[in-house]
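The next block holds one structure in the form of structure tokens; read it before the comments.
Both ligands and their constituent atoms are indexed starting at 1 by order of listing.
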Amino acid sequence: MTHTPPPLLPVPTIAVIVVAAGSGQRLGAGAPKAFVGLDGRTILRRALEQVFAGPLAQVVVVAPADRVGDARTDAELAAGERHDLVSVVAGGQTRQASVAAGLAAVWPDVEYVLVHDAARALTPPAVFGRVVAALEAGAVAALPVLPVIDTIKRVADGVVVAAVDRSVLAAAQTPQGFRRSVLDAAYASADADHTDDAALVQASGGVIVTVPGDDHAFKITTPADLERARRLVAGASGEAAASPPALPRVGIGTDVHAFGGDGDLWLAGLEWPGEPALYGHSDGDAVAHAIVDAVLAAAGLGDIGTHFGTSAPEYAGAHAGAFLARTRQLVERAGFRIGNVSVQVQANRPRFAARRAEAEAVLSAALGAPVAVSATTTDGLGFTGAGEGVSAFAVALVVPAGVPEA
Ligand code: CTP
Ligand code: MG
């Protein structure tokens, strides 16, 4: 069954299928694994809280057929105000059948599908962000991996047959992300059972890029894993204390444009009638462009050319609002929220004093975070002093959205 979201809310372009329909034989906890308690919360609820702290997405929970109601309760508790994003469907005999059931409930507008094991309940939201960023950068499939630490041997009948070079090996985690059309096609043509979706897509010829996984994305499989997860959420373990806190990150951006464009000046998100225009691929708004570079740099997402270059013709002639709104979306999808931005313009004109507050309001609204604007002249020195153009310098702070609670 395909549901559609209420009409007034933004329609996500991402869906996360959370598979939770397994029985948990190896855990042996007397209940399906996803419904075993970690603290006051089940494994499923904890997994979904991590999902909701990540990029905005439709969330499809796949539960055992006789646990759909319990799963819906957990999902609504985890989703809070965004319960419109969640649906619950019954799973199948195998993980692959469960994913297929989830895929059938993905909304029509969704472009990227992430498949995630509920059993990886403590996966940090930033891992979701990295997978989405890889897909948005053009990958058809993205897999979080960790390097293999143990020395690996090939064995047969209780005897070591060969050593295996671990440098060419990686341990696969979830969420595994796919362009929706690729995953749909792989599932439509699946003729064998695979242990994960990356294997299925690879069997149908797709190239899968890797992104860094995370120690906290381990799969709760055995009683020892459950103990580890319980210690982590209780904050009682040396392991939790040893994991570094998620620090805010800063980025810097500068931009320069020369006077000589057509029409009126656009600068700091404002139109300045009667002022000479700046020359540029878009509107030449050096202030907006410096902010974009600073914010992208803070989130480690490249620079303005990575996302708004000449291969993105829709940004030719675009104004600050379009650049900043898209930048915010990119950064939030990568698992950050924007803290604040400070930007300084160096120019003889326009004179900012009378419109500084207006510029701050426009830029802050577009970016969804406070933007402070200051302006200075350069005492007649340099190209700004000579009135040939303007420079802008921006510093941005971004904050990782959510890490496993101590
Ligand atoms: N899964 C599923 N449907 C299945 C089998 C597994 O949705 N028929 C899900 C599990 O709920 C889990 C994920 O796939 O979140 C990874 O599977 P695994 O860790 O093997 O979980 P279980 O199959 O429940 O555990 P076990 O193999 O020990 O029985
Ligand atoms: Mg299993």
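At a heavy-atom cutoff of 4.0 Å, ligand 1 is contacted by the backbone of T94 but not by its side chain. When non-hydrogen atoms are compared, ligand 1 lies under 4.0 Å from the backbone of R95 as well as from its side chain. At a heavy-atom distance under 4.0 Å, no atom of R120 approaches ligand 1.
In this pair, F308 and F323 present their aromatic rings tilted. The plane angle is within the 30 to 60° band.
Taking only nitrogen or oxygen atoms, main chain and side chain alike, V62 does not reach within less than 3.5 Å of ligand 1. Among the atoms of A21, some N or O lies under 3.5 angstrom from an N or O of ligand 1. For ligand 1, none of its N or O atoms has an N or O atom of T221 under 3.5 Å away.
Applying the side chain to side chain donor-acceptor pair (under 3.5 Å) rule to pairs touching residues 127-149 yields E136-R333, sequence neighbours excluded. Sequence neighbours left out, the pairs with a member in residues 111-151 that pass ring pair (Phe, Tyr, Trp, His ring centres under 6.0 Å) are H116-F128.
Every atom of ligand 1 with a heavy atom of A20 under 4.0 Å away is listed here by number and element: 7 (O), 11 (O). Interface of A119 with ligand 1, defined as ligand atoms under 4.0 Å from a residue heavy atom, comprises 15 (O). Counting the atoms of ligand 1 from 1 in the order shown, those under 4.0 Å from a heavy atom of Q93 are 8 (N). The ligand atoms of ligand 1 that sit less than 4.0 angstrom from a heavy atom of S98 are 2 (C), 3 (N), 4 (C), 7 (O), 8 (N).
Comment: R95 engages D197 in a salt bridge, judged by a side-chain N to carboxylate O separation of less than 4.0 angstrom. For the pair E111 and R179, the salt-bridge criterion is not met [side-chain N within less than 4.0 Å of a carboxylate O]. Here D74 does not pair with R72 in a salt bridge; the nearest charged N to carboxylate O distance is not below 4.0 Å. R228 and D225 are not joined by a salt bridge, as no carboxylate oxygen comes within less than 4.0 angstrom of a charged side-chain nitrogen.
Under the 4.0 angstrom criterion, atom 20 (O) of ligand 1 counts as having a protein heavy-atom contact.
Comparing A121, G28, G92, A34 by heavy-atom distance to atom 8 (N) of ligand 1, the nearest is G92. Across the listed options G102, G22, A63, G22 owns the non-hydrogen atom lying nearest to atom 23 (O) of ligand 1.
When all heavy atoms of P108 and R180 are compared, the pair lying nearest together is O-NH1, 3.4 Å. Closest non-hydrogen pair, R249 versus A298, comes out as NE-O, 2.7 Å.
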